[in-house]
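So the structure is just underneath, and the comments pick up after that.
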Amino acid sequence: MLKTPAYAALSAKAALVPFSVERREPGPHDVLIEILYCGICHSDLHQVHDEWNRSIFPMVPGHEIIGTVAQVGKAATRWKAGDTVGVGCFVDSCRECEACRAGEEQFCAQGANFTYNSHERDGKTPTYGGYSTRVTVDENYVLRIPKGIPLERAAPLLCAGITTYSPLRHYGVKPASKVAVVGLGGLGHMAVKLARAMDAQVTVLSHSPGKRQDALRLGADDFIATRDAQVFTQHAGRFDFILDTVSAQHDYNAYLGLLRRGGTMVLVGLPDPTPLSAGPLIMGRRRLAGSLIGGIRETQEMLDFCAAHGVASDVEVIPMQQVNTAYERLVKGDVRYRFVIDIASLKHA
Ligand code: NAP
Ligand code: ZN
Ligand code: ZN
């Protein structure tokens with residue numbers, strides 16, 4: 001076993017503290033990755049706070065991992081030492097079920113093995129995430145980071161990037177599609193950049209009026225401040241597609257009214273349960289759907305798309321020691337637009 005420095009929450013809502021995890025020696029099909037950067041996703045915070053009621057402690061969060069391959073298992077063929085790679089939200093799955101065979105491992109019928117707050121295939125060894133200096137991962141669950149994307153700005157693509165890319169593709173967003181992005185945070189700002197790179201017409205709906213300039217700079221064509229309830233009447237029926245990335249409770253029904261006839265709203269934000277009326281769906285044959293990250297194949301496609309279109313995350317790089325302050329700021333919405341931990345700060349501490 002490889003003793004590895006990390007930061008962990010020891011119980012629900014506790015501050016993260018220095019911790020040590022055991023990484024497995026690379027098996028035949030594994031790679032050992034030295035971690036360079038790890039993004040901070042709002043899901044890290046939901047899980048540290050046990051807001052989804054299934055948290056396992058101690059918890060080492062982190063599923064937006066960028067690193068360098070340090071060691072390769074005997075039978076591993078996909079990677080060599082020195083390769084720049086990524087690890088996203090899951091590190092294994094059954095590989096046999098319909099979802100796995102379709103390349104949508106995140107929906108594995110036996111339960112995907114998530115990067116942290118989850119277990120390995122044996123069902124008992126806990127998984128620990130990227131707030132640590134290295135990780136051992138099966139070679140088939142590792143992503144290639146294309147040249148040209150600054151590495152700290154690539155980290156958030158492994159969750160925020162794929163979570164927004166996948167529904168945009170799945171629901172056929174195309175040039176001139178009228179797309180609204182609700183919430184301009186880590187996921188939201190990636191949604192704006194990706195939809196723009198797909199030549200869609202992008203509008204940001206935000207409860208923070210001060211984000212208008214940023215939204216336009218990031219590539220949005222329009223910005224609507226949702227604190228003024230009147231905008232929901234003013235823009236009724238305007239959008240083909242709405243991607244809702246909001247992490248806190250809000251009224252889905254109001255947003256559904258902004259869809260055109262037959263339009264689709266996809267939820268990726270995961271707040272506490274929120275009431276839903278049939279009315280706005282029935283009147284206009286609208287659809288409400290959800291989406292979960294993306295499979296390995298599509299994540300690689302997204303990374304290559306980002307490299308080809310010059311898309312990367314806007315980040316604030318922090319040392320590991322500032323993670324608790326970063327969480328406090330994330331709750332307050334004080335981040336432009338993703339915190340990324342420089343893991344060197346943990347190695348040299
Ligand atoms: P984030 O950076 O904190 O962004 C969330 C945004 O939601 C904020 O920037 C803010 O945008 C808006 N918001 C926050 N509080 C609000 C409130 N009280 N009322 C209205 N809007 C509010 O979080 P994130 O990392 O992008 O994650 C967003 C959500 O997606 C989280 O729930 C996370 O767990 C979930 N997630 C889901 C998946 C998936 O696969 N489905 C993957 C990753 C994350 P404005 O200031 O512009 O309003
Ligand atoms: Zn995430
Ligand atoms: Zn499966």
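Atom set for the values below is all heavy atoms of this structure, side chains included, hydrogens, waters and symmetry mates excluded. For ligands, and for the atoms within them, numbers begin at 1 and follow the listed sequence.
- Close approach of ligand 1 to Leu330 (heavy-atom distance below 4.0 Å) involves ligand atoms 2 (O), 3 (O).
- The two atoms that bring Ile145 and Leu158 nearest to each other are CD1-CD2, 4.3 Å, heavy atoms only.
- Considering both main-chain and side-chain atoms, Trp52 never comes within under 3.5 Å of ligand 1 through any nitrogen or oxygen pair.
- Close approach of ligand 1 to Ser206 (heavy-atom distance below 4.0 Å) involves ligand atoms 45 (P), 46 (O), 47 (O), 48 (O).
- Side-chain atoms of Thr299 and Tyr165 form no donor-acceptor pair, as typed in the model, at a separation below 3.5 Å.
- Within the set Ile162, Thr163, Val181, the minimum heavy-atom distance to atom 38 (C) of ligand 1 is found for Thr163.
- Between the Arg23 side chain and the Tyr128 main chain, a donor and an acceptor come within less than 3.5 Å of each other.
- Near Gly185, the atoms of ligand 1 lying under 4.0 angstrom from a non-hydrogen atom of the residue are 2 (O), 4 (O), 9 (O).
- Remark: minimum distance from atom 14 (C) of ligand 1 to any protein heavy atom is reached at Ser247 OG, 3.8 Å.
- Of the protein's non-hydrogen atoms, the one nearest atom 3 (O) of ligand 1 is His42 ND1, 2.6 Å.
- Of the protein's heavy atoms, Gly186 N, 2.8 Å lies nearest to atom 2 (O) of ligand 1.
- Angle SG(Cys108) to the Zn ion (ligand 3) to SG(Cys100), rounded to 10°: 110°.
- Look at Asp199 and Lys174 and you find no salt bridge, because none of the NZ, NE, NH1 or NH2 atoms lies under 4.0 Å from a carboxylate O.
- Using a 4.0 Å cut-off to heavy atoms of Ile293, the atoms of ligand 1 that qualify are 39 (C), 40 (O).
- Remark: of the listed residues Leu2, Thr68, Ile33, Leu2 is the sole one forming a side-chain contact (heavy atoms from CB on, under 4.5 Å) with Arg134.
- At least one N or O atom of Ser291, backbone or side chain, sits closer than 3.5 Å to an N or O atom of ligand 1.
- Between Tyr116 and Tyr131, a ring centre-to-centre spacing not shorter than 6.0 Å is recorded.
- Considering backbone and side-chain N/O of Gly188, none are found under 3.5 Å from N/O of ligand 1.
- A salt bridge between Asp214 and Lys211 is absent, with no side-chain N of the basic residue lying under 4.0 Å from a carboxylate O of the acidic one.
- At a threshold of 4.0 Å, the pair Asp342-Lys347 does not count as salt-bridged, since none of the basic side-chain nitrogens sits closer than that to a carboxylate oxygen.
- Side-chain N or O atoms of Asp251 include one that pairs as donor or acceptor with a backbone N or O of Asn253 at under 3.5 Å.
- Remark: minimum distance from atom 44 (C) of ligand 1 to any protein heavy atom is reached at Ser43 OG, 3.2 Å.
- Within the listing of ligand 1, atoms 15 (N), 16 (C), 17 (C), 18 (N) sit less than 4.0 angstrom from a heavy atom of Ala248.
- For Cys159, the heavy-atom gap to ligand 1 drops under 4.0 angstrom.
- Cluster annotation: Val179 is connected to Met302 through the hydrophobic network of ILVMFWY side chains, with a link wherever side-chain heavy atoms come within less than 4.5 Å.
- At most 12 heavy atoms of other shown residues, nucleotides or ligands fall within 6.0 angstrom of atom CZ in Arg285.
- A side-chain donor-acceptor contact under 3.5 Å links Trp79 to the backbone of Glu139.
- For atom 28 (C) of ligand 1, the nearest protein heavy atom (residue, atom name, distance) is Thr245 O, 3.0 Å.
- Inclusion of Leu292 in the set of residues having an N or O under 3.5 Å from an N or O of ligand 1 is not warranted.
- The cationic atom of Arg169 (NZ for Lys, CZ for Arg) lies less than 6.0 Å from the six-membered ring centre of Phe305 and within 45° of the ring axis.
- Close contacts of ligand 1 with His46, meaning ligand atoms under 4.0 Å from a residue heavy atom, involve 31 (C), 32 (O), 33 (C), 34 (O).
- Considering backbone and side-chain atoms alike, Tyr337 places every N or O at 3.5 Å or more from each N or O of ligand 1.
- Backbone and side-chain nitrogen or oxygen atoms of Cys41 are examined, and none is located within less than 3.5 angstrom of a nitrogen or oxygen of ligand 1.
- A donor-acceptor contact shorter than 3.5 Å is absent between the side chain of Ser55 and the backbone of Val48.
- Shortest contact from atom 26 (O) of ligand 1 to any protein heavy atom: Leu187 N, 2.7 Å.
- The option with the heavy atom closest to atom 12 (C) of ligand 1, from among Leu45, Val268, Val246, is Val246.
- The heavy atom nearest to atom 20 (C) of ligand 1, considering only Gln106, His189, His207, is found in His207.
- Of the polar atoms of Val335, none of the N or O atoms is found under 3.5 Å from an N or O of ligand 1, judged by distance alone.
- Protein heavy atom closest to atom 30 (O) of ligand 1, with residue, atom name and distance, is Gly269 CA, 3.3 Å.
- In terms of polar-atom proximity, defined here as any N/O pair under 3.5 Å, Lys211 does make such a contact with ligand 1.
- Other residues, nucleotides and ligands contribute over 12 non-hydrogen atoms within 6.0 Å of the NE2 atom of His309.
- Below the 2.8 Å limit, the Zn ion (ligand 2) has as protein N, O or S neighbours Cys41 SG, His63 NE2, Cys159 SG.
- With contacts defined as side-chain heavy-atom distances shorter than 4.5 Å, the pair His63/Cys41 qualifies.
- Ion pairing between Asp240 and Arg260 holds under the 4.0 Å rule for side-chain N and carboxylate O.
- The pair Arg78-Asp83 does not count as a salt bridge, with every side-chain nitrogen at least 4.0 angstrom from each carboxylate oxygen.
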